Undergrad: 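Below is the structure I would like to discuss, written out as structure tokens.
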Number of protein chains: 2
Amino acid sequence: MRVPARSVVYREQTAATWIFINTEGVLKTFKDLRSGRRWVTAFLFPKDVFGLAKNGLYVRTAQAITPATLYRIESHALIALLRRDAELQFQFLSKVTHELREAQRQTIVVGRRDAVGRVAMFIQQLECTCCDRHNARDIELPMSRSDIASYLGLSLESISRATAKLQRRGIVAFPNRHLARILDRAQFDRLSKAI
Amino acid sequence: MRVPARSVVYREQTAATWIFINTEGVLKTFKDLRSGRRWVTAFLFPKDVFGLAKNGLYVRTAQAITPATLYRIESHALIALLRRDAELQFQFLSKVTHELREAQRQTIVVGRRDAVGRVAMFIQQLECTCCDRHNARDIELPMSRSDIASYLGLSLESISRATAKLQRRGIVAFPNRHLARILDRAQFDRLSKAI
DNA sequence: CGTAGTATTGAAACGGATCAATATCTGTGG
DNA sequence: CCACAGATATTGATCCGTTTCAATACTACG
């Protein structure tokens, strides 16, 4: 499946027919809260599995941020397959376990009170995720500031102020809105690791 | 395995020899942060599995809050078993998927800014967990206020003020430090669900 | 019954949210 | 290719709630 940027792959509370794996591009999953806010729960990079259902319904909405390429398989088919093939299932289990760690990490990030720290951890997370180009020092931020804000549980303005502060202190440079470059690794690590 | 209250089941960064399942009692898992704070990541109730490793090491410390009874199995043995028995593995996968949902819920809870809302969601979570005695209206809070605070990412004082506020408003009564009783279900639900 | 850990309450300060104004970017059509 | 409009982002001022520090009260265990 090739999907253009901004297209909605599935919507929350609809029948969870398919399970997806991302092979190219970046997507996000989010929930619309009754307060009108939008809660971004995850960014999906290549190799990420998504579309796990709860009671046969999708829990979140999935939307492409950049053009993306996905594989999809029917949930029933996958489950039948997993039940038959223990080795395949084990790979899948590893995947879910990894997701669990990510979710727990996310809890830690959101639990931090200071905005600069959260943004630093977020940038570090992206750096790890896209580690293929780790030597190229520029980290891509395909998502909007607003997406980052609702992912980190902060206001859009706080993100802006945090990035400005990182830049002013000479820790991270933002050549443009979708790029970050770590200038002072020592200070950066202190921020992103000192929980 | 029977363990008395306060005993440490395993310590973070030690070799993850065993995987555990709780059958009776309540435990907590936590990380000691370099800031000196203690981050409580989970409370473990009967049927909860814990001790999943990362790179062969435990990620957190597990400690009993009340006297507890556990089963344990060697990680290698379990993995070998799962690789052979797809059906058993599937049950395990379901368990981990459930844990994943819990972790995601926890992110939502911690992401809320208001203390009263977080405490309400926490109490609701406990109510669901111990749903066997749902008709008995008293909810047990075996953990200390301090544990709740570091689980919810709040200060001990904020927990105290939040419970006081819930009590003053007639929404929840706290007959003693380890019990809660929901008095006004409508208001309570509005607090705990209005994300 | 006393002591140490645990919990509550009060006052002041800090930091993020919000509201508001302005700036910058992106994509579209002229 | 440029200009324009709408979306996106930055910056400033003020407000509100949590944190922190400090003092006091409670509880559990020896």
Side-chain angles (χ1 to χ4, degrees), chain A residues 4-7 28 33 35-40 63 65-67 109-122 140-169 172-180 191 195, chain B residues 4-6 28 33 35-40 63 65-67 109-122 141-169 172-180 191 195:
Chain A
R6 290 165 199 228
S7 79
K28 63 179 172 182
L33 306 177
S35 58
R37 307 182 87 88
R38 177 162 288 187
W39 181 281
V40 174
Q63 185 178 19
I65 290 176
T66 68
V109 173
V110 172
R112 294 189 66 165
R113 48 247 118 255
D114 62 315
V116 174
R118 288 196 220 182
V119 172
M121 286 190 80
F122 177 69
E140 286 192 50
L141 310 172
M143 64 293 290
S144 69
R145 293 286 189 266
S146 167
D147 282 339
I148 298 175
S150 58
Y151 180 65
L152 295 179
L154 293 167
S155 67
L156 167 60
E157 295 92 328
S158 288
I159 300 294
S160 205
R161 277 186 250 272
T163 54
K165 207 173 278 184
L166 286 170
Q167 187 140 336
R168 220 177 314 117
R169 290 190 198 161
V172 182
F174 296 88
N176 68 55
R177 286 172 177 178
H178 294 297
L179 282 181
L191 277 176
I195 316 174
Chain B
R6 287 165 199 229
K28 63 180 172 181
L33 306 178
S35 58
R37 307 182 88 89
R38 176 162 287 188
W39 182 279
V40 174
Q63 185 179 20
I65 291 176
T66 67
V109 174
V110 171
R112 293 190 66 167
R113 48 247 116 255
D114 62 314
V116 174
R118 287 195 220 183
V119 171
M121 286 189 80
F122 177 70
L141 310 171
M143 64 292 291
S144 69
R145 294 287 188 264
S146 167
D147 282 340
I148 298 175
S150 57
Y151 180 65
L152 295 180
L154 293 167
S155 67
L156 166 61
E157 294 93 328
S158 287
I159 300 292
S160 204
R161 278 185 250 271
T163 55
K165 207 172 278 183
L166 286 170
Q167 186 140 335
R168 221 176 315 116
R169 291 190 198 160
V172 183
F174 296 88
N176 68 55
R177 286 173 177 179
H178 293 298
L179 283 181
L191 277 177
I195 316 173

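For clarity, every value in this text was computed on a predicted model and none was experimentally measured. Below, chains carry the letters A, B, ... as their sequence lines are ordered, and counting in each starts from 1.
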Undergrad: Verify, without hydrogens or angle tests, whether His178(A) (side chain) and Glu140(A) (backbone) share a donor-acceptor contact under 3.5 angstrom.
TA: no

Undergrad: Could you tell me which non-hydrogen atom of Phe174(A) sits nearest to which non-hydrogen atom of Gln167(A), and how far apart they are?
TA: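 So the minimum-distance heavy-atom pair works out to N-OE1, 3.0 Å.
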
Undergrad: I need the minimum non-hydrogen distance between Ser160(B) and Thr163(B), along with the two atoms involved.
TA: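 In this case the closest contact between Ser160(B) and Thr163(B) is O-OG1, 2.8 Å.
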
Undergrad: Of all the heavy-atom pairs spanning Leu152(A) and Val110(A), show the shortest one and how long it is.
TA: O-CG2, 4.2 Å

Undergrad: Reading DNA chain C from 5' to 3', where do the contacts with chain A start and stop? Cut-off is 4.0 Å to heavy atoms.
TA: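 Going 5' to 3' along DNA chain C, contacts run dG16(C) to dC25(C).
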
Undergrad: Could you check whether Asn176(A) gets within reach of a base, just the sugar-phosphate, or nothing at all, counting any heavy atom under 4.0 Å?
TA: nothing

Undergrad: Checking Ser158(B) side chain against Leu154(B) main chain: does a donor-acceptor pair fall under 3.5 Å?
TA: no

Undergrad: What is the separation between atom NZ on Lys165(A) and atom P on dT11(D), rounded to the nearest whole Å?
TA: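 It works out to 12 Å between those atoms.
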
Undergrad: Output the distance between atom OH (Tyr151(A)) and atom OG (Ser144(A)), rounded to the nearest 0.5 Å.
TA: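 Here the interatomic distance stands at 14.0 Å.
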
Undergrad: For Ala115(B), does its backbone N or O pair with a side-chain atom of Arg161(B) as donor and acceptor, under 3.5 Å?
TA: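 Side chain of Arg161(B) to backbone of Ala115(B): no pair is present.
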
Undergrad: So, taking the atom named CG in Leu166(A) and the one named CG in Leu191(A), what distance separates them when rounded to the nearest 0.5 Å?
TA: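 Going from CG on Leu166(A) over to CG on Leu191(A), the span is 6.5 Å.
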
Undergrad: If you take all heavy atoms of Pro142(A) and Thr66(A), which pair is closest and at what distance?
TA: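 Here Pro142(A) and Thr66(A) meet closest at CB-CG2, 3.9 Å.
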
Undergrad: Nearest-Å distance, CZ (Arg112(B)) to P (dT18(D))?
TA: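 Checked: the CZ to P distance equals 11 Å.
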
Undergrad: Within the side chain of Arg6(A), is there an N or O that forms a donor-acceptor pair under 3.5 Å with the backbone of Pro67(A)?
TA: no

Undergrad: Specify the separation, in whole Å, of atom CG of Leu156(A) and atom P of dT10(D).
TA: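 Nearest whole value for this atom pair: 8 Å.
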
Undergrad: When the nearest nucleotide of DNA chain C is assigned to Arg177(A) and to His178(B) on a heavy-atom basis, which residue is associated with the more 5' position?
TA: His178(B)

Undergrad: Using a heavy-atom cut-off of 4.0 Å across all strands, would you classify Arg6(B) as base, sugar-phosphate, or nothing?
TA: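 It contacts nothing in the nucleic acid.
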
Undergrad: Just to be sure I understand the geometry, which residues of residues 142-155 of chain B put a non-hydrogen atom under 4.0 Å away from DNA chain C?
TA: Ser144(B), Arg145(B), Ser146(B)

Undergrad: May I ask you to decide if Arg112(B)'s main-chain N or O and Arg118(B)'s side chain share a donor-acceptor pair within less than 3.5 Å?
TA: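 Judged by distance alone, yes, a pair lies under 3.5 Å.
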
Undergrad: Which dot-bracket string describes DNA chain D (Watson-Crick N1-N3 plus N6-O4 or O6-N4, or G-U N1-O2 and O6-N3, all under 3.5 Å; [ ] crossing; | other strand)?
TA: ||||||||||||||||||||||||||||||

Undergrad: Which residue lies toward the 5' end of DNA chain C, Glu157(A) or Asp114(A), if each is placed at its nearest nucleotide?
TA: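 Whichever sits nearer the 5' end wins; that is Asp114(A).
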
